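Note that the structure is a prediction, hence the values are computed from the model and not measured. FYI, the numbering just counts along the sequence from 1. Just so it is clear, the values below take in all heavy atoms, side chains as well, and ignore hydrogens, waters and symmetry mates.
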Amino acid sequence: QVQLVESGGGLVQAGGSLRLSCAASGLIFRINDMGWYRQAPGKQRELVATITSGGSTNYADSVKGRFTISRDSAKNTVYLEMNSLKPEDTAAYYCNAEVRVTRFSALQDYWGQGTQVTVSS
């Protein structure tokens, strides 16, 4: 009923930039927090950045000062601007949204399919 579609991943050299986008669609009454997570081979999925419905942001220490999360609530879209990319940023990046599908429903987590970001040295 709810789909999240990510785009913008790719191959970039160290020091370069990428902008990821994630658009939510389907049966949506309201979206609360949205965020980006990443998972490298052999590692657990980790939080990269989150943004509340009010615009408050939170970042992992490893990306603070380099990445910026933003959202366009009217379009149900969240973005991740990634600058000064490092090889250690290489991972599959996943979009997450906390969605209330009706005004009577509890919040539920939905995930995108992931988009690969590869940073070469």
Side-chain angles (χ1 to χ4, degrees):
Q1 294 182 348
V2 177
Q3 299 83 39
L4 304 180
V5 179
E6 300 120 325
S7 62
L11 175 65
V12 65
Q13 290 185 319
S17 300
L18 285 173
R19 188 173 193 247
L20 306 183
S21 300
C22 172
S25 62
L27 181 61
I28 299 172
F29 175 73
R30 187 170 297 163
I31 300 178
N32 283 34
D33 293 0
M34 303 185 79
W36 290 94
Y37 296 73
R38 67 186 182 187
Q39 187 167 22
K43 295 185 178 181
Q44 291 185 314
R45 186 172 297 186
E46 64 177 353
L47 183 148
V48 177
T50 60
I51 184 167
T52 70
S53 60
S56 297
T57 59
N58 182 55
Y59 298 92
D61 289 340
S62 59
V63 307
K64 194 171 298 182
R66 299 187 298 119
F67 291 9
T68 302
I69 188 170
S70 61
R71 67 190 290 171
D72 185 340
S73 295
K75 297 181 179 179
N76 290 333
T77 300
V78 63
Y79 306 93
L80 186 68
E81 181 73 34
M82 304 184 294
N83 299 312
S84 301
L85 283 162
K86 305 175 181 178
E88 50 262 46
D89 295 318
T90 296
Y93 283 71
Y94 296 88
C95 175
N96 171 264
E98 296 179 332
V99 180
R100 196 182 304 277
V101 298
T102 76
R103 65 176 178 172
F104 307 109
S105 302
L107 289 170
Q108 295 182 342
D109 280 335
Y110 289 87
W111 294 89
Q113 80 287 350
T115 185
Q116 180 67 36
V117 172
T118 302
V119 184
S120 65
S121 59

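Here the side chains of E6 and W36 are in contact, with some heavy-atom distance below 4.5 Å. Side-chain atoms of T90 and Q116, non-hydrogen and from C-beta on, do get closer than 4.5 Å to each other. Looking only at side-chain heavy atoms (C-beta outward), I28 and R100 stay at 4.5 Å or farther from each other. In this structure, R66 and K86 have side chains that are in contact, with non-hydrogen atoms separated by less than 4.5 Å. The shortest distance between side-chain heavy atoms of C95 and V78 falls below 4.5 Å. The side-chain heavy atoms of F29 and V101, taken from C-beta on, include no pair separated by under 4.5 Å. By the 4.5 Å heavy-atom criterion applied to side chains, Q39 and E46 are not counted as neighbours.
Between the side chain of S62 and the backbone N or O of A60 there is no donor-acceptor pair closer than 3.5 Å.
Between the side chains of T52 and D33, no donor N or O sits under 3.5 Å from an acceptor N or O. Side-chain contact check for R38 and Y93: at least one donor-acceptor pair (N or O, by modelled atom type) lies under 3.5 Å.
Going from atom OG1 of T68 over to atom CE of M82 covers 11.0 Å, rounded to the nearest 0.5 Å. Atom OH of Y59 sits about 6.5 Å away from atom CD1 of I69, to the nearest 0.5 Å. Taken to the nearest 0.5 Å, the SG atom of C22 stands 8.0 Å off from the CD atom of Q113. Between the CD1 atom of I51 and the OG atom of S73 there is a distance of 7.5 Å, given to the nearest 0.5 Å. One distance of note links OG1 of T118 with CD of Q13; it measures 13.0 Å at 0.5 Å rounding. Annotation: the span from M34 atom CE to S53 atom OG amounts to 11.0 Å, rounded to 0.5 Å.
In the hydrophobic cluster analysis, where Ile, Leu, Val, Met, Phe, Trp and Tyr join through side-chain heavy atoms closer than 4.5 angstrom, L85 is grouped apart from L11.
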Exercise. N83 and S17: side chain to side chain donor-acceptor pair (under 3.5 Å), yes or no, with the steps?
Worked result: CA-CA 4 Å; N83 299 312; S17 300; 2.8 Å; yes

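For D61 and K64, the salt-bridge test passes: some basic side-chain N is under 4.0 Å from an acidic carboxylate O.
The residue from V5, L18, L20 that alone fulfils the side chain to side chain contact (heavy atoms under 4.5 Å, CB included) condition with T115 is L20.
Taking all atoms of both residues into account, the shortest heavy-atom contact from A14 to P87 is CB-CD, 4.1 Å. L4 and A97 make their closest contact through CD1-N, 3.8 Å (heavy atoms, listed as atom of the first residue, atom of the second, distance). Between Y79 and S21, the shortest heavy-atom contact is CD2-OG, 3.3 Å.
Figure legend: R45 and Y94 shown as a cation-pi pair, the cationic atom lying under 6.0 angstrom from the six-membered ring centre and within 45 degrees of its axis.
Aromatic ring centres of W111 and Y37 lie closer together than 6.0 Å.
Atom CD of Q1 sits in a sparse spot, with 12 or fewer heavy atoms from other residues, nucleotides or ligands closer than 6.0 Å.
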